[in-house]
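Just so you know, these numbers use all the heavy atoms, side chains as well, and skip hydrogens, waters and symmetry mates. When a residue number appears, it is its place in the shown sequence, counting from 1.
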Amino acid sequence: MQSSSAVLHIGWMARAVAALVATGRPVTCAVAPGDAAAARAAGARVLVVPDPTSTTDVLAALARHGLAVADFRAVCSGLEFCLLNAAAVAAVGGGGRADVHRALAMRDKYVQKQAVRAAGIDTAGCAVLDDLGTAGPPDLAFPLVLKPLDGGGVRDTRVLADAAALRAAAAAARAAGASGPWLLEEFVPGAEFKVDGLVRDGEIRLLSVSRYLQNLIEVRQGGLVAHVVLEPERHRELYAGVHAVAAAAFEALDHKDGVFHLEVFQHPQDGRIVFGECAARVGGGRTDEVVRRRHGVDLHAEWARWALGLPAGEPVAPTVADGAAIGGMNLPAPPGVVTAAPTVEEVLGRPGVVYAEVSLAPGAVMPDTTAGSNLRAGLAVLTGRDEAQVEQRLRELAAWFTDRVVLAPAH
Ligand SMILES: Nc1ncnc2c1ncn2[C@@H]1O[C@H](COP(=O)(O)OP(=O)(O)OP(=O)(O)O)[C@@H](O)[C@H]1O
Ligand SMILES: [Mg+2]
């Protein structure tokens, strides 16, 4: 990379690009056609590509515009599915902040689990099945979890109780024309936690642990995607256990710098923390809004500072009152064509709500939320006097919102 201050962001993510633009650097975005207008409106120069996850597409777009990777000081992405591509494109230009192997270990579920297991960290044993249909019985004990190797948002992820369930999954995948490879993992029992934060020079600067109201896999049965931030003072042992696993995992994955989103389980018998997976990105939903209010850290700004090789910023005062609690959620709704839904203002009027987004408008099609944890009618962040009240308010908000979504009659 050369001395220019220009930065190339791969893919479209409004808050990541805004954080880069806010640093005053010229920002170029390689985005799909449908995102070009939004990227331009954000102040970025735009390279339109068929697929921002493709290295070929990004290199070709640069060439079409008479640009070289080396014209950029940094190549980065805030998007899970573009992180590896950003590292690969940066490598073409002679280097970058995210080394390709490191980016792969923070993204590929098998590579990551092998590295973490090799370091002696407690995590599920796993195996790759190139083809579900022809795979023999796995060398792993049931129950098992089957998932796409490059999954996200719980897509096509299911728990298999026994060999018959694996055979049924293979038949269903064949019928749906779904190709492999697949990842098979030992099922980890226990409650699932969401961990978000920042690591710099190998030191964890921020660690925010939240309890999911229901493990994410339960979205497949209509479970809520919602979390409550746990107060470190009230959960000292849990925080210490999560910190130890996070520190060991980052060491194993060589993730010394940047933001992180980690998922862990707490074993129901002995309370030990079991590593689930981790990513070098800001957590999904409105993790950014929750963490900023609770910890005074703007995760996108910190991600941008890391991407540009700048030192970490200073946290500001949290806006959540001392002793109070905060959480965030996906707003759920039944699938179908929407004729009426609550507005953002109405959601903001509900108890404790401090932030809301609603993506439903009359005529919009609400997807079936059981297909993925990233399918939702909107997002909300709310506070309460303690964790129990936040949890109760999240559940009540979900029920209130769902009740007020009106669907067109199905034909
Ligand atoms: N080995 C396992 N044991 C128990 N539950 C699991 C296991 N693997 C996955 N799950 C459940 O399935 C969910 C989705 O799995 P995973 O996190 O691997 O996939 P994902 O689709 O990448 O989700 P994300 O949106 O976090 O990227 C997890 O959050 C967890 O609830
Ligand atoms: Mg996950």
Side-chain angles (χ1 to χ4, degrees), residues 1-32 35 38-39 42-49 51-59 61-62 65 67-108 152 196-201 250 253-261 278-284 287-288 297-313:
M1 308 277 144
Q2 46 102 292
S3 58
S4 132
S5 65
V7 50
L8 175 62
H9 182 272
I10 300 194
W12 171 242
M13 186 186 207
R15 293 193 181 207
V17 173
L20 292 172
V21 170
T23 67
R25 303 325 193 250
V27 178
T28 298
C29 283
V31 295
D35 295 321
R45 173 172 62 175
V46 168
L47 309 178
V48 177
V49 293
D51 174 7
T53 68
S54 155
T55 308
T56 308
D57 287 359
V58 173
L59 294 178
L62 287 169
H65 287 79
L67 294 166
V69 179
D71 294 335
F72 297 91
R73 185 186 184 86
V75 181
C76 57
S77 182
L79 290 153
E80 172 88 28
F81 287 101
C82 295
L83 283 169
L84 186 54
N85 194 23
V89 171
V92 170
R97 303 278 302 153
D99 165 87
V100 173
H101 296 285
R102 244 183 279 142
L104 187 66
M106 291 299 285
R107 169 62 203 144
D108 182 275
D196 296 284
L198 176 70
V199 57
R200 276 309 193 102
D201 300 319
F250 297 155
L253 299 166
D254 200 20
H255 185 58
K256 293 195 187 73
D257 273 293
V259 295
F260 61 84
H261 167 68
C278 77
R281 60 168 169 87
V282 177
T287 297
D288 47 2
V297 173
D298 181 333
L299 288 173
H300 291 294
E302 288 303 332
W303 164 82
R305 296 181 71 83
W306 163 78
L308 295 168
L310 302 171

key: With sequence neighbours excluded, residues passing side chain to side chain contact (heavy atoms under 4.5 Å, CB included) with V46   = V31, A36, A39, R40, V48
remark   = In short, V100 meets A91 closest at the heavy-atom pair CG2-CB, 3.9 Å
inquiry  = Would the distance check show the side chain of H300 and the main-chain N or O of E302 forming a donor-acceptor pair, the cut-off being under 3.5 Å?
reply    = no
ask   = Closest approach of D254 and R102, non-hydrogen atoms and distance?
value = O-CD, 2.7 Å
key: Heavy-atom pair of closest approach, residues R73 and L308   = NE-O, 4.2 Å
ask   = Among P26, C76, C29, which one satisfies side-chain contact (heavy atoms from CB on, under 4.5 Å) with V7?
value = C76
note = For A90 and V75, the nearest pair of non-hydrogen atoms, with its separation, is CB-CB, 3.9 Å
message = How close do A16 and W303 get, counting heavy atoms only, and between which atoms?
response = O-CZ3, 3.5 Å
key: Inter-residue atom distance H261.NE2 - C278.SG, 0.5 Å rounding   = 9.5 Å
note = Closest non-hydrogen atoms of R305 and R200, given as atom of the first, atom of the second and distance, are C-NH2, 3.5 Å
message = Which residues pass the salt bridge (Lys or Arg N to Asp or Glu O under 4.0 Å) test with R107, not counting sequence neighbours?
response = E80
H65: partners by side chain to side chain contact (heavy atoms under 4.5 Å, CB included), with sequence neighbours left out = L47, L67
query = Are side-chain heavy atoms of F260 and V199 found at a separation under 4.5 Å?
reply = yes
Could you list the donor-acceptor pairs under 3.5 angstrom formed by side chains in residues 81-89, with sequence neighbours left out?
| from | atom 1 | to | atom 2 | distance (Å) |
| --- | --- | --- | --- | --- |
| N85 | OD1 | T55 | N | 3.2 |
| N85 | OD1 | T55 | OG1 | 2.5 |
| N85 | ND2 | P52 | O | 2.7 |
| N85 | ND2 | S54 | O | 3.3 |

task = Would you confirm whether R25, through its side chain, and T23, through its main-chain N or O, come within 3.5 Å as a donor-acceptor pair?
result = yes
query = Sequence neighbours excluded, which residues qualify as salt bridge (Lys or Arg N to Asp or Glu O under 4.0 Å) partners of D108?
reply = none
key: Listed partners of A42 passing side chain to side chain contact (heavy atoms under 4.5 Å, CB included), at least two apart   = W12, V17
query = Could you go step by step and tell me if L59 and V69 meet the side chain to side chain contact (heavy atoms under 4.5 Å, CB included) rule?
reply = CA-CA 8 Å; L59 294 178; V69 179; 3.8 Å; yes
message = Would you compute the distance between atom CZ of R45 and atom CG of L8 and round it to the nearest 0.5 angstrom?
response = 9.0 Å
query = Which residues satisfy the salt bridge (Lys or Arg N to Asp or Glu O under 4.0 Å) test with D196, sequence neighbours excluded?
reply = K194
